[in-house]
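Comments concern the structure below.
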Amino acid sequence: MATVPIPAGTSALLLDIEGTTTPITFVKDILFPYIREHLEDHLSTHWEEDECKQDVHLLKKQIEEDMKQNRACAVHAVDQTVHTDEEKAIREVVDNVLWQMAADRKSTALKQLQGHMWRAAYASGRIKGEIYQDVTPSIRRWRGQGLKIYIYSSGSVEAQKLLFGYSVEGDVLDLFDGHFDTSIGAKVDGRSYEKIAERIGCRPEEITFLTDVTREAKAAEEAGVNVLVVVRPGNMELTDEERAHYNLVTSFNQLESMGRA
């Protein structure tokens, strides 16, 4: 396995989750099906609780935004007033959430609700976060070399912390210096990486971003961030042009710090 140098001058590594630290199958075959199977029960059980009301309110705001942008939308109103039949209102939320999931939406409203549902599943032991075997030893090695480690994922910060807090290796949250989600901006928008650099307190060129998605890699590059594209089993196939353009890694074990400039 060829060694791949972490770009000189890197002080912080920014890691994607799905397809990078964690198998895509974990998200697609375990996390998402859990939401689909338990969504209606979750809403029925928690409908009158403040957290659930806030989740529904955020979904309603997302629907209004979708309508303004003339995006297709499964449901055009989620009305939680006292005049609304509760079962009908819950059904409307279910329909909208399932529509967003089917469309692979990354909306903050969807991710927040999912995070709250996964929290209960992790805490009860029904779900444990999967991590590739090369991830935690490599992060410990990098930290020992003075690098800071951050996560940037479409999943909410809460969902990220649940995955690593209730992982197959136990609670490994102490490996990370911070977490970012789409509340800072979309992963395909270069400005998001500029904002992360500001938040971390370093220049974009001092960050190296690891992702399996080339659209995200392109956005990070545009912001001046270093990029390594992760090639794992089940990840999207890269074109010949992408393979030629990006530095590729198949395991975190390959990555070695060559010292900071």
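Reckoned from all heavy atoms, side chains included, excluding hydrogens, waters and symmetry mates. Residue indices begin at 1 and follow the sequence shown. In this text the structure is predicted, and so the values were computed from the model without any measurement.
A 4.5 Å side-chain heavy-atom check between Arg143 and Ile149 finds at least one atom pair inside the cut-off.
In this structure, Arg199 fails the cation-pi test against Tyr193, since its NZ or CZ atom is not both closer than 6.0 Å to the six-membered ring centre and inside 45 degrees of the ring normal. Stacking of Arg232 on the aromatic ring of Tyr132 is recorded, both the 6.0 Å distance cut-off and the 45° axial limit being met.
Between the side chains of Gln54 and His116, no donor-acceptor pair of N or O atoms lies under 3.5 Å. In this structure, a donor-acceptor pair under 3.5 Å is absent between the side chains of Thr3 and Gln254. In this model, a donor atom of one side chain and an acceptor atom of the other lie less than 3.5 Å apart for Thr10 and Thr208. Checked by atom type, the side-chain pair Arg105/Ser107 shows no donor-acceptor distance below 3.5 Å. Side-chain atoms of Thr22 and Glu130 form no donor-acceptor pair, as typed in the model, at a separation below 3.5 Å. Thr214 and Glu242 form a side-chain donor-acceptor contact under 3.5 Å, judged by distance and modelled atom types alone. In this structure, a donor-acceptor pair under 3.5 Å is absent between the side chains of His46 and Glu51. One side chain, Asn96 or Gln100, offers a donor N or O that lies under 3.5 Å from an acceptor on the other.
Ring-plane geometry between Tyr150 and Phe180 is classed as tilted, the angle between the planes lying from 30 to 60 degrees on a 0 to 90 degree scale.
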- Message: I'd like to know whether Lys148 forms a side chain to side chain contact (heavy atoms under 4.5 Å, CB included) with Ile200, so could you lay out the CA-CA distance, the side-chain angles of the two residues, the decisive distance to 0.1 Å, and finally the verdict.
- Response: CA-CA 9 Å; Lys148 291 190 175 296; Ile200 290 173; 5.6 Å; no
- Task: Please assess Lys68 against Asp66 for the test salt bridge (charged side-chain N to carboxylate O under 4.0 Å, His left out), listing each intermediate value before the final yes or no.
- Result: CA-CA 5 Å; Lys68 275 187 202 167; Asp66 286 342; over 6 Å; no
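Close placement of the Phe176 and Phe164 rings is indicated, their centers lying within 6.0 Å of each other.
Side-chain atoms of Lys128 do not come within 3.5 Å of backbone N or O of Tyr122 as any donor-acceptor pair.
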